[in-house]
Amino acid sequence: DIQDPPSFNTSAFTTIVIVYVDYTPVLMVTPGLTQYTEGDGVVNLLTSTTITDIDNTTLVSANITFFAPDGGDVELLNVTTTGTAITATYIHSISTLLLQGEDTLQNYSNVIYSLTYVNTYLNNPIPLTRVFTISVFDGIKSSNLVNISLTFIAVNYPPVLNLGKPDMLTFMEDITKNITLVMGNVILTDVDNTTLASITVTLLDNPDGLLESIIYVDVQLSNIITAMSYGSNKVVLTPASGTSGTLQSFRVALTLLVY
């Protein structure tokens, strides 16, 4: 307002436009577990979670996704949403845990803090590092992406052999010519392998020395399973050259051993 007495009075106006800026929410986490061994079951991934947002007191969603080489049906993420307005949906096809529902920063922080991982695949899971990516959304802007890594260690479980035969066999001198050591109902399994490298059969007590022996009578597995004798009391079965030595082949081979 400018005055020039006695007769002039002039006013001027200006306009200030205030533009609203939505600041990005900030997500910070502290990883807990850094290594996962096959068979560990359900594990917690985080030891702390903090979410801040200068101009919002609530969030509307969050995404937690990860690299799942064994597939989203056997590698699973989960959270606890009890007491919140947040719902959790796990999308198997893209290995993503989606959190939805408007709720406070603290409740979203608590839910993300409860994040767990499990791998239920016990048949040669792929031993690659799992990388988890977490972000939150305030309705306008998404937060920074937070990545945590989990080293994966596969376990080679031992094969299981059940001979399906009594512990004690009877050999009658001058009557019994030989005894089949293993019957056809032998059970040989391996949860994470379909082949074997070898089977060793040892006669632990042979007081008659060379007069007692284990013999491999190969009438069915020519060029599939071979036998190497070490003295009269030890036979090692191995795959023949150029073959893989399947569990089934070894099962049959065991039934061809006689004493």
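The structure presented is a predicted model; accordingly, all values stated were derived computationally and were not measured.
- A chain of hydrophobic side-chain contacts below 4.5 Å, direct or via other Ile, Leu, Val, Met, Phe, Trp or Tyr residues, connects Tyr216 to Val186.
- For Asn156, the side chain to side chain donor-acceptor pair (under 3.5 Å) partners are Asn193, not counting sequence neighbours.
- No path of Ile, Leu, Val, Met, Phe, Trp and Tyr side chains, each step under 4.5 Å between heavy atoms, connects Ile112 with Val60, placing them in separate hydrophobic clusters.
- One finds the CD1 atom of Ile224 at 7.5 Å from the OG1 atom of Thr243 (value rounded to the nearest 0.5 Å).
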* **Steps toward side-chain contact (heavy atoms from CB on, under 4.5 Å) verdict (Thr24, Asn144)** => CA-CA 8 Å; Thr24 301; Asn144 54 305; 5.7 Å; no
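- How far CG of Leu204 is from CG of Asn233: 8.5 Å, rounded to the nearest 0.5 Å.
- Taking all atoms of both residues into account, the shortest heavy-atom contact from Leu97 to Ala88 is CD1-CB, 4.2 Å.
- Between Phe250 atom CZ and Leu188 atom CG the span is 8.5 Å, to the nearest 0.5 Å.
- Here the closest non-hydrogen pair linking Thr65 and Thr96 is OG1-OG1, 3.0 Å.
- Here Met28 is tied into one hydrophobic group with Val26, each link being a pair of ILVMFWY side chains closer than 4.5 Å.
- The CD atom of Gln100 sits 11.0 Å away from the CD1 atom of Ile86 when rounded to the nearest 0.5 Å.
- For residues 27-62, the set of pairs meeting the ring-ring contact (aromatic ring centres under 6.0 Å, His included) definition, not counting sequence neighbours, comprises Tyr36-Tyr117, Tyr36-Phe152.
- Of all non-hydrogen atoms in Pro31 and Val29, the two that sit nearest each other are CD-O, 3.9 Å.
- Closest approach of Ala154 to Pro125, counting heavy atoms only: CB-O, 3.9 Å.
- Using a 4.5 Å heavy-atom cutoff, the side chains of Thr200 and Lys234 are in contact.
- For residues 106-132, the pairs satisfying salt bridge (charged side-chain N to carboxylate O under 4.0 Å, His left out) are Asp70-Arg130, Glu75-Arg130, with sequence neighbours left out.
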Solution key, residues 133-141 side-chain donor-acceptor pairs under 3.5 Å, sequence neighbours excluded:
{"unit_1": "Thr133", "atom_1": "OG1", "unit_2": "Asn147", "atom_2": "OD1", "d": "2.6"}
{"unit_1": "Asp138", "atom_1": "OD1", "unit_2": "Ile140", "atom_2": "N", "d": "2.8"}
{"unit_1": "Asp138", "atom_1": "OD1", "unit_2": "Lys141", "atom_2": "N", "d": "2.7"}
{"unit_1": "Asp138", "atom_1": "OD2", "unit_2": "Asn56", "atom_2": "ND2", "d": "3.2"}
{"unit_1": "Lys141", "atom_1": "NZ", "unit_2": "Asp22", "atom_2": "O", "d": "3.0"}

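- Applying the side chain to side chain donor-acceptor pair (under 3.5 Å) rule to pairs touching residues 102-114 yields Thr58-Glu102, Asp103-Asn107, Gln106-Asn110, sequence neighbours excluded.
- Counting only residues at least two apart or in different chains, salt bridge (charged side-chain N to carboxylate O under 4.0 Å, His left out) contacts with residues 76-101 are absent.
- Atom CD1 of residue Ile225 and atom CG of residue Leu256 lie 10.0 Å apart, to the nearest 0.5 angstrom.
- Between the Thr37 side chain and the Asp40 main chain, no donor and acceptor come within less than 3.5 Å of each other.
- Here Thr238 pairs with Thr226 under the side chain to side chain donor-acceptor pair (under 3.5 Å) rule; sequence neighbours left out.
- Pairs of residues two or more places apart, or lying in two chains, never qualify as ring-ring contact (aromatic ring centres under 6.0 Å, His included) while including a residue from residues 179-213.
- At a threshold of 4.5 Å between side-chain heavy atoms, the hydrophobic network of Ile, Leu, Val, Met, Phe, Trp and Tyr places Phe132 and Val42 in one connected group.
- For Asp55 (side chain) and Tyr23 (main-chain N/O), a donor-acceptor pair under 3.5 Å exists by modelled atom type.
- Counting side-chain heavy-atom gaps under 4.5 Å among Ile, Leu, Val, Met, Phe, Trp and Tyr, Ile153 is found in no cluster with other residues.
- No side-chain donor-acceptor contact under 3.5 Å links Thr84 and Thr81.
- Through direct or indirect side-chain contacts shorter than 4.5 Å among Ile, Leu, Val, Met, Phe, Trp and Tyr, Leu128 is connected to Phe67, Ile126.
- Two different hydrophobic clusters hold Leu98 and Leu45 under the rule that ILVMFWY side chains link at heavy-atom gaps under 4.5 Å.
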* Passes side-chain contact (heavy atoms from CB on, under 4.5 Å), Thr246 versus Arg251? Steps please. -> CA-CA 9 Å; Thr246 65; Arg251 287 189 196 99; over 6 Å; no
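- Within the structure, side chain to side chain donor-acceptor pair (under 3.5 Å) contacts touching residues 41-52 (residues at least two apart or in different chains) are Thr30-Ser48.
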* Please report the C-alpha distance between Leu237 and Leu254 in whole Å, then the side-chain angles of each, then the deciding distance to 0.1 Å, and finally whether the side-chain contact (heavy atoms from CB on, under 4.5 Å) criterion is met. => CA-CA 9 Å; Leu237 303 176; Leu254 285 171; 4.3 Å; yes
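- Scanning all heavy atoms of the two residues, the minimum distance from Ser149 to Thr129 falls at CB-CG2, 3.9 Å.
- For the pair Ser244 and Thr195, the tightest heavy-atom approach, listed with the atom from each and the gap, is O-CB, 3.3 Å.
- Distance alone, capped at 3.5 Å, is enough to place a donor-acceptor pair between the Thr120 side chain and the Val74 backbone.
- Here Leu161 contributes atom CG and Asp190 contributes atom CG; the two are 11.5 Å apart, rounded to the nearest 0.5 Å.
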